[in-house]
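Each remark here refers to the structure printed beneath this line.
If you're wondering where the values come from, they're calculated on a predicted model, not measured in any experiment.
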Amino acid sequence: MKTIRVVAAVIKATNETGEPVIFATQRGYGEFKDGWEFPGGKIEEGESPEQALVREIREELEAEILVGDLIDTIEYDYPAFHLSMDCFWAELAGEDWVLKEHEAARWLTKEELDSVEWLPADITLIDRIRAEIS
């Protein structure tokens, strides 16, 4: 089975009430269209995971991010491929972002993390995120 190596940004911020929130994006294309995920994408040849993440967020959201610590590497078997996904904490370096490839985006509080239909690999991170942002 083919392995696809990707990176994902778990972008943290605080909302107007000072509560921590996590950025989620809704896929706008492909087999998993409409599923919710953490933004990111494939690691290209010669890139570190961190470099790939900065590039992907620039491409997908026209935004700059500060990449933090590795949260986990998710290994997940989809029917057609194996996904190896390095998931990093991240913060937006500015206020602005634009949805280039996604249908929608939401900032979710800890209580709202279960309110979207996460893609199978991404959902495996939710309990860990919930525990770490409390």
Side-chain angles (χ1 to χ4, degrees):
M1 187 183 291
K2 182 170 86 166
T3 294
I4 298 177
R5 287 203 60 221
V6 299
V7 286
V10 179
I11 300 173
K12 282 190 304 189
T14 50
N15 64 15
E16 56 282 344
T17 64
E19 200 173 5
V21 287
I22 299 294
F23 192 71
T25 52
Q26 188 177 28
R27 229 171 144 85
Y29 60 90
E31 183 182 351
F32 300 104
K33 183 178 178 334
D34 298 332
W36 288 81
E37 65 183 353
F38 299 106
K42 290 183 183 156
I43 301 171
E44 293 180 359
E45 184 125 0
E47 283 183 319
S48 70
E50 293 87 349
Q51 289 168 327
L53 197 52
V54 167
R55 178 187 49 75
E56 283 287 344
I57 299 303
R58 198 175 285 146
E59 289 173 7
E60 291 184 8
L61 299 172
E62 287 187 7
E64 297 299 323
I65 58 164
L66 307 169
V67 179
D69 293 337
L70 179 69
I71 302 169
D72 202 357
T73 299
I74 304 296
E75 303 289 344
Y76 191 88
D77 288 324
Y78 281 99
F81 61 92
H82 176 80
L83 184 76
S84 180
M85 180 169 65
D86 292 338
C87 304
F88 291 88
W89 289 113
E91 291 179 20
L92 288 174
E95 297 286 314
D96 300 332
W97 50 271
V98 179
L99 289 180
K100 305 287 281 182
E101 298 181 14
H102 295 91
E103 287 182 24
R106 289 179 52 194
W107 287 101
L108 303 171
T109 64
K110 187 167 81 167
E111 291 73 27
E112 293 169 331
L113 285 171
D114 294 324
S115 68
V116 299
E117 198 71 35
W118 292 102
L119 294 177
D122 293 70
I123 200 166
T124 62
L125 263 186
I126 297 302
D127 286 341
R128 177 121 180 232
I129 290 166
R130 186 181 288 112
E132 292 199 26
I133 66 169
S134 52

Say whether Ile65 and Ile22 are linked into one hydrophobic cluster, either directly or through other cluster members, by side-chain heavy-atom distances under 4.5 angstrom. no
Does one hydrophobic cluster hold both Ile129 and Leu83, with members joined at side-chain heavy-atom distances below 4.5 Å? yes
Got a sec, which residues hit salt bridge (charged side-chain N to carboxylate O under 4.0 Å, His left out) with Glu103, two or more places apart in sequence or on another chain? Lys33
Evaluate the criterion side-chain contact (heavy atoms from CB on, under 4.5 Å) for residue pair Leu61 and Val98; output intermediate values, then yes/no. CA-CA 5 Å; Leu61 299 172; Val98 179; over 6 Å; no
Filter on ring pair (Phe, Tyr, Trp, His ring centres under 6.0 Å), then keep only pairs touching residues 39-71, sequence neighbours left out; what's left? none
CD1/Ile43 to CD1/Ile4 distance, rounded to the nearest 0.5 angstrom? 11.5 Å
Salt bridge (Lys or Arg N to Asp or Glu O under 4.0 Å): pairs with one or both residues in residues 40-49, sequence neighbours excluded: Glu44-Arg55, Glu47-Arg55
Do His82 and Glu75 come within less than 4.5 Å of each other through their side chains, counting heavy atoms only? yes
Taking only residues two or more places apart in sequence, or in another chain, which ones meet Arg130 in a salt bridge (charged side-chain N to carboxylate O under 4.0 Å, His left out)? Asp114, Asp127
Starting from Leu66 and following side-chain heavy-atom contacts under 4.5 Å between hydrophobic residues (I, L, V, M, F, W, Y), which residues can be reached? none
Go through the structure and list residues passing side-chain hydrogen bond (donor to acceptor under 3.5 Å, both in side chains) with Thr17, not counting sequence neighbours. Asn15
Tell me every residue that passes salt bridge (charged side-chain N to carboxylate O under 4.0 Å, His left out) with Glu37, counting only those two or more places apart in sequence or in another chain. Arg27
List for me each residue that meets ring pair (Phe, Tyr, Trp, His ring centres under 6.0 Å) alongside Phe23, sequence neighbours excluded, and say none if there are none. Trp97, Trp107
Show the nearest heavy-atom pair for residues Ile133 and Pro20, with the distance to one decimal. O-CG, 3.4 Å
Are any of the side-chain heavy atoms of Phe38 and Met85 separated by less than 4.5 Å? no
Test of understanding: with ring pair (Phe, Tyr, Trp, His ring centres under 6.0 Å), list the residues that count as partners of Trp89, not counting sequence neighbours. none
Tyr78: partners by ring pair (Phe, Tyr, Trp, His ring centres under 6.0 Å), with sequence neighbours left out: Phe32, Tyr76, Phe81
Test of understanding: clusters of I, L, V, M, F, W, Y form through side-chain heavy atoms closer than 4.5 Å, transitively. Do Val21 and Val10 belong to the same one? no
Should we say atom CD of Glu117 is surrounded by more than 12 heavy atoms from elsewhere, each under 6.0 Å from it? no
Residues pairing under salt bridge (Lys or Arg N to Asp or Glu O under 4.0 Å) where one sits in residues 79-97, two or more places apart or in two chains, turn out to be Arg5-Asp86
Return the minimal non-hydrogen interatomic distance between Gly40 and Ile57, and the atom names on each side. N-CD1, 4.2 Å
Same cluster for Ile74 and Val116 if Ile/Leu/Val/Met/Phe/Trp/Tyr side chains link at under 4.5 Å? yes
List the atom of Pro49, the atom of Val7, and the distance in Å for their closest heavy-atom pair. O-CG1, 3.5 Å
Would you sort out whether Glu19 and Glu111 count as a side-chain contact (heavy atoms from CB on, under 4.5 Å), showing the intermediate values? CA-CA 11 Å; Glu19 200 173 5; Glu111 291 73 27; 3.3 Å; yes
Heavy-atom pair with the smallest gap, counting every atom of Leu53 and Ala9: CD1-N, 3.6 Å
Flag the pair Glu50 / Val54 as yes when at least one side-chain heavy-atom distance between them is below 4.5 Å, and no otherwise. no
Any donor and acceptor pair, going by atom type alone, linking the side chain of Trp118 with main-chain N or O of Leu113 inside 3.5 Å? yes
Can you name the residues that form a salt bridge (charged side-chain N to carboxylate O under 4.0 Å, His left out) with Asp72, not counting sequence neighbours? Arg128
Hydrophobic cluster membership, with links at side-chain heavy-atom distances under 4.5 Å among I/L/V/M/F/W/Y: are Val67 and Val6 in one? no
CD-NE2 distance between Gln26 and His102, expressed to the nearest 0.5 angstrom: 9.5 Å
Spatial distance of atom OG1 (Thr14) from atom CD (Glu16) [nearest 0.5 Å]: 9.5 Å
Leu125 versus Cys87, closest heavy-atom pair with distance: CD1-SG, 3.4 Å
For Arg106 versus Ser115, what's the shortest heavy-atom pair and its separation? NH2-OG, 3.4 Å
